[in-house]
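Some notes on the structure that comes next.
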Amino acid sequence: MKLDKFILGTVKEVPSDAEIPSHQLMIRSGMIRKVASGTYAYLPLGLRVIHKIIEIVRQEMDAAGAQEVLLPIVQPMELWQTTGRDQDYGQTLGHFTDRHGRENVLSPTAEEVMTVVGANEISSYKQLPVNLYQINTKYRDEFRPRFGVLRSREFIMKDAYSFDADEIMLEQSYRNMYDAYCNVFKRCGVEYVIVEAEAGEMGGSGSHQFTVPCESGEDVIVYTEDLAYAANIEKAAVDPISPESKTADVQAITEIYTPGSGAIDSVCTYLKTVPEKMIKCMIYVFGPENKILACVVRGDHELNPEKLTQALGGVAPELAPEDIVQRITGAKIGYAGPVGLFDKVDMVFIDHGVAAMAVGYAGANKTEYHIGNVVPGRDFPLDGANIKVIDIRNAAQGDTWQGKKLLFKRGIEVGQVFKLGDKYSKKLGAEYLDESGKRQTCLMGCYGIGINRIMASAIELSYDADGIIWPISIAPFEVLVTTANPNDEQVVAAAEKIYQELLENDIDVAYDDRNQRAGVKFKDADLIGIPLRITVGRKTLDNGEVEIKVRRQSESQLVKLEMAVDTALDKITELWQELIVEED
RNA sequence: CGGGGCGUAGCUCAGCUUGGCUAGAGCGCUACGUUCGGGACGUAGAGGUCGCAGGUUCAAAUCCUGUCGCCCCGACCA
């Protein structure tokens with residue numbers, strides 16, 4: 001590819017709304033342009049990266065025995081209603097009414113449609129296992145798009161769905177995809193960790209997340225020092241906190257006037273205490289009958305909605321609206337407390353952390369009042385028909401799991417695999433006949449990879465002050481040939497020859513034949529981050545030499561003109577070497 | 001959805017507080033000349049309904065109202 005007429009689109013200035021390195025660099029290097037909030041156009045250079053990632057994913061999926069299909073992005077709402085996921089997804093689900101009055105969903109994922117497609121094609125156990133995948137655009141009406149393509153409304157996802165006869169087969173399919181994912185990320189040159197994860201809107205029984213650790217990530221992963229345990233924070237389990245030694249005699253509860261102090265911090269300031277001594281109580285509603293759930297956690301702890309959902313057997317609770325909170329507690333929001341509250345609600349979850357407290361402060365269920373000297377177990381019960389002491393909070397600094405200290409790290413989720421079980425196949429009729437001719441429901445798994453996120457996380461992992469440093473496997477080009485003196489005929493002739501020879505060797509090469517000053521071309525080269533650069537210039541050509549530089553190394557190397565292509569080929573091979581996955 | 005901020009040239013922004021001359025700078029773009037290995041320099045030029053709509057005023061980019069868009073923070077608060 002010659003760059004003279006190529007839409008390169010590099011810019012010097014950082015757009016004011018780009019905060020994280022990958023977003024800034026993708027715009028500066030001319031990979032993407034913003035069209036609207038959370039929607040981006042890919043320019044030629046960026047699309048080349050996308051294509052390379054897709055090709056790696058496709059190869060690995062095919063190698064794993066999956067078969068590529070293409071599903072519609074616009075899908076009938078009825079299918080989503082059948083599984084109830086129109087509700088689960090809530091506002092994030094993009095949809096519109098067509099001219100016939102039919103409701104359509106803009107696919108954020110495709111379990112429903114793929115299950116129907118699979119159901120139509122699968123009839124016998126002899127066909128199983130089957131794995132169907134697609135790579136196409138997904139749409140999510142994100143509440144708050146940000147970080148460039150890391151959280152955009154539109155994005156490109158590879159989504160695969162396995163249809164299996166039984167648990168054992170599902171386990172194999174799951175493992176198969178899991179291994180394929182390891183290959184994909186390795187080949188793309190992004191370092192990742194695998195953590196246990198919650199199934200979220202997908203439902204199902206087991207899930208792992210592939211996460212690229214980096215500061216700009218939105219996810220938090222939790223792990224033990226020895227890495228024996230790693231999980232997303234939404235899933236991470238914590239050991240119960242060991243009980244504080246009970247203070248011999250705590251005086252009876254005292255009511256304290258705390259005007260205008262609803263929030264934990266302001267109450268603490270007022271009471272001259274710390275959040276660890278506070279007992280938070282939150283009111284939720286859940287289920288079709290809008291039952292009331294009270295959750296009690298320590299003031300410094302964060303409630304984990306996923307754990308609540310699990311504890312309720314898969315029903316996601318919602319924070320109670322103000323009027324319900326007032327009706328239940330008799331106070332404004334901010335003054336709920338556990339004492340005397342439990343007979344007014346249908347269900348109570350108390351976190352281990354609260355049960356372990358010797359004494360603390362809590363809301364008084366009376367506007368503008370808190371109570372002190374609250375002793376869990378004395379002033380409110382820790383067991384009962386509708387009272388459970390369980391783990392309902394996020395892991396926090398200082399927590400342990402199985403006695404081992406938990407550590408925290410941010411990361412970008414680039415892939416996730418789920419065991420769905422029969423959640424979709426049952427509702428949408430994905431069945432097969434077994435050996436005895438009996439009708440059986442398929443078990444399913446689903447497996448997603450965020451293509452754009454791989455692109456962004458590769459940049460987050462590898463850049464410097466001058467620009468991007470791509471892994472060769474997903475770089476827009478493998479090699480850049482450039483001329484330092486574009487008006488020198490000999491220089492141009494030599495560069496042209498190297499370019500042609502590299503093309504003949506099936507190298508993906510760009511030739512910067514622009515009539516620009518050397519400085520401009522070097523700056524652009526560094527910015528767009530092609531792994532290998534060959535510079536032909538008067539300065540070295542007088543000695544019959546050209547300059548070869550690996551982007552991520554600081555020093556360049558001079559080689560004889562006639563050795564240039566061979567040396568480049570060697571270096572390219574070397575760069576590829578570390579991205580190769582060994583076959584079993 | 002709540003709080004804050006911002007909409008002025010393709011991009012980054014100044015000007016607005018305290019209304020007043022032809023609305024500016026840098027980058028980018030065009031032409032010419034000099035330059036030519038780490039984002040050159042000079043000269044000349046193109047490019048603007050100052051987000052949109054209304055209002056106040058002799059006069060509005062500037063003040064007021066509404067509206068649209070964008071960005072940041074929060075939205076698990078007790």
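Basis for what follows: all heavy atoms, side chains included, without hydrogens, waters or symmetry-related copies. Naming convention: chains lettered A, B, ... in sequence-line order (proteins, then strands); numbering from 1 in each chain.
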- Mapping A:Arg146 and A:Val14 onto RNA chain B by nearest heavy atom, which one lands closer to the 5' end? A:Val14
- Message: With a 3.5 Å cut-off and heavy atoms only, can you find an N or O donor on one side and an acceptor on the other between the side chain of A:Glu13 and the base of B:rG26?
- Response: yes
- Query: Mind checking the P distance from B:rC41 to B:rU18? Whole angstroms is fine.
  - Reply: 40 Å
- Name the residue closer to the 5' end of RNA chain B, choosing between A:Glu547 and A:Leu303 according to the nucleotide with the nearest heavy atom. A:Glu547
- Task: Rounded to whole angstrom, note down the C1' distance from B:rC16 over to B:rG7.
- Result: 13 Å
- Pick base, sugar-phosphate or nothing for A:Lys521, based on heavy-atom distances below 4.0 Å to the nucleic acid. nothing
- Do you see a donor-acceptor pair shorter than 3.5 Å between the side chains of A:Thr39 and A:Glu154? no
- Item | Between B:rC58 and B:rC11 - P atom distance, rounded Å | 37 Å
- Message: Out of the candidates A:Lys388, A:Lys280, A:Arg393, only one should pair with A:Asp351 under the salt bridge (Lys or Arg N to Asp or Glu O under 4.0 Å) rule; please name it.
- Response: A:Arg393
- Considering only side-chain heavy atoms of A:Asn485, which listed nucleotide, B:rC71, B:rG39, B:rG37, is closest? B:rG37
- Spacing of the P atoms in B:rA61 and B:rC70 (rounded, Å): 26 Å
- For B:rG48, the Watson-Crick or wobble partner whose two distances fall under 3.5 Å: none
- Task: Could you check whether A:Asp524 gets within reach of a base, just the sugar-phosphate, or nothing at all, counting any heavy atom under 4.0 Å?
- Result: base
- Task: Assign A:Asn304 to base, sugar-phosphate, or nothing according to its heavy-atom contacts below 4.0 angstrom with the strands shown.
- Result: nothing
- Message: For a quick check of understanding: with a heavy-atom distance under 4.0 Å over all strands, which category does A:Gln516 fall into, base, sugar-phosphate or nothing?
- Response: nothing
- Query: Of A:Tyr361, A:Tyr335, A:Tyr257, which meets ring-ring contact (aromatic ring centres under 6.0 Å, His included) against A:Tyr369?
  - Reply: A:Tyr257
- Would you classify A:Thr540 as touching base, sugar-phosphate or nothing, given that sugar-phosphate means primed atoms plus P, OP1 and OP2, and contacts are heavy atoms under 4.0 Å? base
- Item | Same-atom distance (P) from B:rG26 to B:rU22, integer angstrom | 22 Å
- Can you find a donor-acceptor pair, distance only, under 3.5 Å between A:Arg533 side chain and B:rG37 base? no
- Item | Aromatic ring pairing A:Trp401/A:Tyr229, orientation class (parallel under 30°, perpendicular over 60°, tilted between) | tilted
- Query: Counting side-chain heavy atoms from C-beta on, which of B:rG39, B:rG37, B:rC71 comes nearest to A:Lys539?
  - Reply: B:rG37
- Using a cut-off of 4.0 Å on non-hydrogen atoms, how would the nucleic acid contact of A:Arg393 be classed: base, sugar-phosphate, or nothing? nothing
